[in-house]
Every structure is written in structure tokens, then in C-alpha cells.
Amino acid sequence: PAWYAVLALPYLMEYPYDCNEQIFSRYYANTIAAGIANKYPKIKSVFQQWENTDALLSNLSKNEDLKSALLEETPWVLQSQSEEEQRKNIGLLFNLEKLGREQNQAINKLKNRQEGDGGFAWFKGGRSNQYITEYILTGFKRLEKMGFDIDERSIDQLLSKGLNFIDQSFAEDFRKLKERLHRNNKKLDPEKQYIGHSAIHYLFARSFFKEDIPNNTREAYGFYQKQAEKFWTKFGLQNQAQIALILNRTDRREKSMAILKSFREKALHHDELGMYWKTNRGYFWYNNELETHAFMINCLQEIDPQQRELEDLQTWLLKNKQTNAWETTKSTAMAIYALLMTGEKPGASLANSALVDITLGNEPLKIDNTEAGTGYFRINFDGDEIPAGASSVSVQNPNDGIAWGASYFQYFEDMDKVTNFEETPLQVKKEVMLETMTPGGPVLKSLNEVSLKPGDRLKVRIEIRVDRAMEFVHMKDQRASGLEPENVLSSYKYQGAFGYYESTKDASTNFFISYLPVGTHVFEYPLRVIHEGDFSNGITTIQSMYAPEFSSHSEGVRIKVGN
């Protein structure tokens with residue numbers, strides 16, 4: 001699974017928008033690729049073996065026969081094509097001559113884009129932006145920290161001018177704060193919180209540099225250093241991790257260790273998902289779940305590394321990639337950094353090449369034709385070929401990192417005899433109820449308590465439980481032939497904190513959920529009883545199209561309608 005980090009590199013390299021953040025992301029991806037190719041030549045050969053194979057297919061395109069819907073029936077065809085194009089270009093990414101050329105182009109473009117005051121705008125022609133400048137400066141320093149080769153002479157002036165810009169901007173913001181307080185006849189109160197997210201981001205960026213703080217910035221720097229130490233509990237996990245790193249790099253190790261103790265007390269541990277924290281997904285940079293987790297890895301690795309803990313943290317990151325596409329360049333860059341920098345040698349986890357040992361019942365499984373690098377393989381058994389005791393599977397992994405796989409059992413059964421399937425992180429339950437109007441409003445009753453007749457209004461309630469965030473989730477709710485939906489027009493809808501596309505077909509209603517957050521979610525939609533009879537209402541199936549091993553279904557239901 002460590003290869004997921006490398007498979008994500010072309011996304012950084014080929015993102016189409018020409019903003020300064022993306023230009024730096026291309027340089028970042030090229031530098032990591034060059035470093036990996038130089039240190040581990042064997043890895044470069046893997047990509048040559050991938051050419052014209054399924055290894056370069058998008059996860060959305062793979063294993064169509066295991067999925068409940070064809071890709072062409074979903075809204076995600078373009079996402080699949082985009083991911084495949086990126087992966088097909090991954091061989092070009094490791095062309096050392098091309099890497100050098102791309103790196104030079106990115107550096108030259110960044111130098112030309114740097115404003116006279118030393119800052120970088122988001123897009124060319126805009127005003128210098130302190131956050132974007134800090135992001136680019138810290139990115140260069142991260143590459144240096146990872147041990148990847150960068151030409152320091154070529155960027156020395158760029159870093160120096162950028163550092164001066166963020167120092168002066170920080171001092172100016174502090175001057176404006178004091179001026180605003182003075183107008184209101186107030187003074188700075190050390191017991192009151194003034195520090196915010198942008199000040200923490202500056203202190204974090206500044207902690208990468210050994211250069212002296214300018215005289216006009218020292219007061220602001222010292223004041224906010226104390227503020228960060230005093231009010232760290234007022235912020236979310238990502239800012240807290242930044243503060244811990246700031247304190248550790250400025251000789252306040254005792255306080256940084258106290259923050260780490262808090263992290264460890266709040267961490268969740270899961271046999272499969274590893275070590276992680278509950279975070280509130282939001283729209284600001286400091287709310288990004290993926291970046292926050294990468295920061296936590298960075299923080300624990302630098303301040304108090306414990307190998308088992310770091311491995312568990314990486315496990316969560318890789319399991320997140322299993323069911324998610326990592327859509328932003330910034331979070332992808334952070335995740336790649338966290339995966340490759342953890343351990344003594346950056347990128348060493350990619351060199352693990354031993355195959356797992358799998359036993360079905362008492363028989364060892366013979367594994368042939370594995371995919372280079374990832375070790376992926378697939379074996380099919382039809383009918384009588386299924387080995388005795390195949391329901392018992394044992395796996396031994398000789399590598400240091402994690403490995404995963406899945407076994408599928410496909411069979412035919414009468415719909416009414418299908419029972420709930422709950423042995424999965426993605427679970428679904430379905431209930432159909434009669435809706436009647438009363439003076440107090442609509443009341444729902446179980447079908448076991450009532451007799452149905454044509455014209456009755458039914459309410460379908462579907463409950464989904466998921467223990468990890470998933471993207472590209474398809475849910476199909478089958479419908480009896482004696483029922484008709486009221487929602488006949490397909491449309492995009494919202495359900496709590498997320499949206500989905502609802503598509504009504506002749507015999508089912510389909511829900512396409514681009515992002516399904518952790519938790520319990522309830523869907524409801526109305527049906528009308530049209531005909532008398534005894535009907536099979538089918539089942540509800542749900543599946544991650546990105547990782548089809550995560551699937552579930554409800555039990556079969558019969559509906560009887562009298563006159």
C-alpha cells in the first residue's frame with residue numbers, strides 16, 4: 001500500500017491550474033520523484049513494467065464484475081478517466097532528464113512570480129499573500145528535511161526574500177492590533193487571547209529557519225510565542241500539532257511533550273485502521289482531515305518518535321487512501337510527505353517486495369502474476385473449483401508495512417431469503433413503513449401492523465453506518481413492481497452534511513454519494529401503492545466503487561397489498 005503515495009505524485013505534477021501553490025506542488029512532486037529514483041533504482045523499473053497493464057487503471061475502473069453498478073451508470077466517469085491519465089503518465093514522472101527540466105522550469109517560474117516585496121500571490125497579478133508565501137517556504141524546508149536533493153544556491157535568494165516578507169507582514173499585523181486597541185483605549189493583556197490561525201501558521205513557518213528575527217518583528221514574535229504556549233488548547237488538532245513543533249524547535253521541549261501527552265490520551269486505536277483522532281471536517285485549511293493527520297505524524301516523528309505508534313499512524317493514512325481519492329494538491333503533498341518521511345530512510349517502505357503467504361483452509365494458495373511494486377493479484381474460483389475450507393483464510397505478511405486484500409463470495413438466492421449482511425465497516429438496514437396523516441401530523445407504522453391497499457403512501461427508511469470516510473459510494477434500493485416512486489425526476493440532493501445524486505429507475509432508486517463521512521446516516525423517500533398482489537421488494541445494496549471490498553446489503557422484504 002505504500003505505493004499509493006507514489007501513484008498520487010502525478011496528480012501534483014499535472015494539476016492544470018497555474019497558481020503559485022500548484023507550481024510549487026509540481027516542483028515538490030518532481031523533487032520527491034527524483035530523490036526516490038536516485039536512491040532506489042529498482043523502483044523506476046516497476047513503472048516500466050506497469051506500462052499497458054491494469055496497474056494504471058483508476059480504482060473506479062478496476063474489477064467491474066465485483067461492483068453493483070457499471071462505471072458508465074455513475075456520475076464518476078470523468079473522475080475515473082482523469083485518474084487513469086495521471087497514472088499512465090507516472091512512467092514519465094521518473095524520467096530523470098525530464099525531472100530535472102521540470103524542476104528548473106518550476107523554480108524559474110516561481111522566481112519570476114515572486115513580487116518585489118518578496119511575497120507570492122495566489123495567482124499571477126494578485127497581491128502578495130502571507131499564507132501562500134509561508135506554504136511555499138515551508139514546502140522547500142520539508143524537502144530539505146526529507147533529505148531530498150535541492151539546489152540551495154538556486155533558491156537561496158527566493159527563500160531570503162520570502163522570509164523577509166512574512167516577517168514584515170507579521171510585524172505589520174501586530175502594529176495594527178496595537179493601534180486598534182489604542183483607539184479603543186485598551187492595552188495588550190497577556191491573559192487575553194489574541195493569537196489566531198494565521199499567527200500560528202507564521203510561527204510554524206518561521207520555526208524552519210535559523211535566521212535571526214528582525215528587530216521590528218521581535219516584539220510580535222515573542223508575544224505570540226507566549227500566546228501559543230498559553231492558549232494551545234483553544235485550537236484544533238492541526239494547529240495544536242503546529243504549536244507543539246514550534247515549542248520543540250524553540251527549546252520549550254517540556255511544554256511540547258505535554259501537548260504530545262494530550263494527543264496520545266485523545267487518540268483512538270483500531271485493529272484495522274491503526275491510530276487516529278476524531279476531527280471536525282470543515283472548509284478551512286486547518287480543518288482538512290488528511291492534512292491534520294499528516295501533521296500529527298510529523299509532530300510525533302520529530303518530537304518523540306515511537307516506531308509502533310508511527311506505523312499505526314501510517315496505517316490510518318493508507319487505509320484512508322484505500323477508500324478516498326485525495327483530491328487536493330495541498331493535502332496530497334502533506335500525505336506523501338508523512339508517508340515517505342516516517343522512518344530512518346525516506347521512501348524505504350516502497351522497497352518491500354516479499355509476497356504474503358495465504359492459506360485457504362489447510363491448503364497454501366499458489367500466487368502467480370503479481371503486479372510489480374504493489375504485489376496486487378487476483379484469483380478466481382468457479383463452482384466446484386472452490387477449495388474445501390475456503391471460508392477460512394489466513395494471511396502472513398513478511399514485510400514491515402501493512403498489507404490488505406479481500407475475498408468475495410458471489411451466489412444466487414431468492415430475494416426473500418436474503419438476510420442482512422453486517423460483517424463489514426459499511427452497513428445498511430432498510431425499513432418500509434405506512435405513512436398515515438393524523439391531526440397531530442404524519443405517523444409511520446410498521447407493515448406488520450397494517451393491511452395495505454392501492455393508494456396508500458409508504459415511506460422507505462434506509463440507515464447507513466460507516467466507520468471510515470469513503471468516496472464514490474453507490475447505494476441501490478430495489479422496488480416492488482406494485483409500487484411507484486413519487487420522486488420521478490433525478491436530481492442532486494443534500495443529506496445533513498453531505499450531498500448525493502438520486503437517480504430513479506424502473507425497478508430501483510439509486511443514490512450516488514461522492515463523499516460519505518463517518519457515522520450513521522438516514523435516507524427517506526416516499527412510494528405509492530399502485531397494484532394489489534404479493535410482491536418481492538428486493539434488497540438494498542451499498543458499495544464503495546473505489547474499494548469494492550466494502551459492500552453490504554439489507555434483508556429481503558415481501559409486501560402484500562389487498563383490496
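Taking 4.5 Å as the limit, every side-chain heavy atom of I195 sits out of range of all side-chain heavy atoms of F223. Here the side chains of M470 and V518 are not in contact, with every heavy-atom distance at 4.5 Å or above. Residues I297 and H293 meet the side-chain proximity criterion, which asks for heavy atoms closer than 4.5 Å. The side-chain heavy atoms of P305 and L310, taken from C-beta on, include a pair separated by under 4.5 Å. Put simply, the side chain of Y221 reaches to within 4.5 Å of the side chain of L203, judged on heavy atoms. Considering only heavy atoms from C-beta on, H474 stays 4.5 Å or farther from I542 through its side chain. Contact check for W316 versus L313: no side-chain heavy atoms found under the 4.5 Å cut-off. Looking only at side-chain heavy atoms (C-beta outward), Q225 and I246 come within less than 4.5 Å of each other.
Heavy atoms of other residues, nucleotides or ligands lying less than 6.0 angstrom from NZ of K429 number 12 at most.
In terms of heavy-atom proximity, G499 sits nearest to I513 at O-CG2, 4.1 Å. Closest approach of C299 and L260 over heavy atoms only: SG-CD1, 3.5 Å. Of all the heavy atoms in W122 and C19, the pair that sits closest is O-CB, 3.2 Å.
One distance of note links CD of E134 with CZ of F120; it measures 12.5 Å at 0.5 Å rounding. Atom NE2 of H553 and atom OG1 of T540 lie 11.0 Å apart (nearest 0.5 Å). With rounding to the nearest 0.5 Å, the separation of OG1 in T541 from CG in D477 is 8.5 Å. To the nearest 0.5 angstrom, I303 atom CD1 is 4.5 Å from L245 atom CG. Summarising the geometry, atom CG belonging to L137 is positioned 7.0 Å from atom CG belonging to L163; distances are rounded to the nearest 0.5 Å. Between L360 atom CG and S394 atom OG the span is 8.0 Å, to the nearest 0.5 Å.
Taking a cutoff of 4.0 Å between a charged side-chain nitrogen and a carboxylate oxygen, E219 and R175 do not qualify as a salt bridge. Using a 4.0 Å cut-off between charged side-chain N and carboxylate O, R249 and E302 make a salt bridge. Salt-bridge check for E272 with R468: passed, with a basic side-chain N closer than 4.0 Å to an acidic carboxylate O. A salt bridge is absent between E179 and K176; no separation between the charged side-chain nitrogens and carboxylate oxygens falls under 4.0 Å. Ion pairing of E463 with R465 is present here, as a side-chain N (NZ or NE/NH1/NH2) and a carboxylate O approach within less than 4.0 Å.
Within the structure, every pair that satisfies the side chain to side chain donor-acceptor pair (under 3.5 Å) test and touches residues 184-196, not counting sequence neighbours, is listed here: E191-K230.
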Trace of the side chain to side chain contact (heavy atoms under 4.5 Å, CB included) decision for L110 with L158: CA-CA 9 Å; L110 283 173; L158 180 151; 4.2 Å; yes

Audit row: T359, L365, side chain to side chain contact (heavy atoms under 4.5 Å, CB included) steps and yes/no: CA-CA 6 Å; T359 303; L365 186 64; over 6 Å; no

K226/E229 under salt bridge (charged side-chain N to carboxylate O under 4.0 Å, His left out): CA gap, chis, key distance, verdict: CA-CA 5 Å; K226 293 177 182 176; E229 188 172 349; over 6 Å; no

Chi angles and distances behind the ring-ring contact (aromatic ring centres under 6.0 Å, His included) call for H270, Y276: CA-CA 8 Å; H270 190 281; Y276 64 101; 7.1 Å; no

Side chain to side chain contact (heavy atoms under 4.5 Å, CB included) assessment of M257 paired with D304: CA-CA 8 Å; M257 287 296 292; D304 184 33; 3.8 Å; yes

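When the side chain to side chain donor-acceptor pair (under 3.5 Å) test is applied to R218, the partners found at least two apart in sequence or on another chain are N215. Residues passing the side-chain contact (heavy atoms from CB on, under 4.5 Å) test with E431 are M433, sequence neighbours excluded.
Checked against the 6.0 Å centroid criterion, the rings of Y500 and F512 do not qualify as a close aromatic pair.
Under the 30°/60° scheme for interplanar angles, the aromatic rings of Y135 and F24 are found to stand perpendicular. The aromatic rings of F170 and Y202 sit parallel to each other, their planes meeting at less than 30°, with 60° as the upper class boundary. Between F204 and H201, the ring-plane angle classifies as tilted under the 30° and 60° cut-offs.
For the 3.5 Å distance criterion, the side chains of Q168 and N216 qualify, holding a donor opposite an acceptor. One side chain, N239 or Q242, offers a donor N or O that lies under 3.5 Å from an acceptor on the other. Residues H269 and D312 bring no donor and acceptor atom of their side chains to less than 3.5 Å of each other.
Cation-pi contact between K493 and Y501: absent, since separation from the ring centre below 6.0 Å together with deviation from the ring axis within 45° is not met. With W277 as the aromatic partner, K266 does not meet the cation-pi criteria of under 6.0 angstrom to the ring centre and within 45 degrees of the ring axis.
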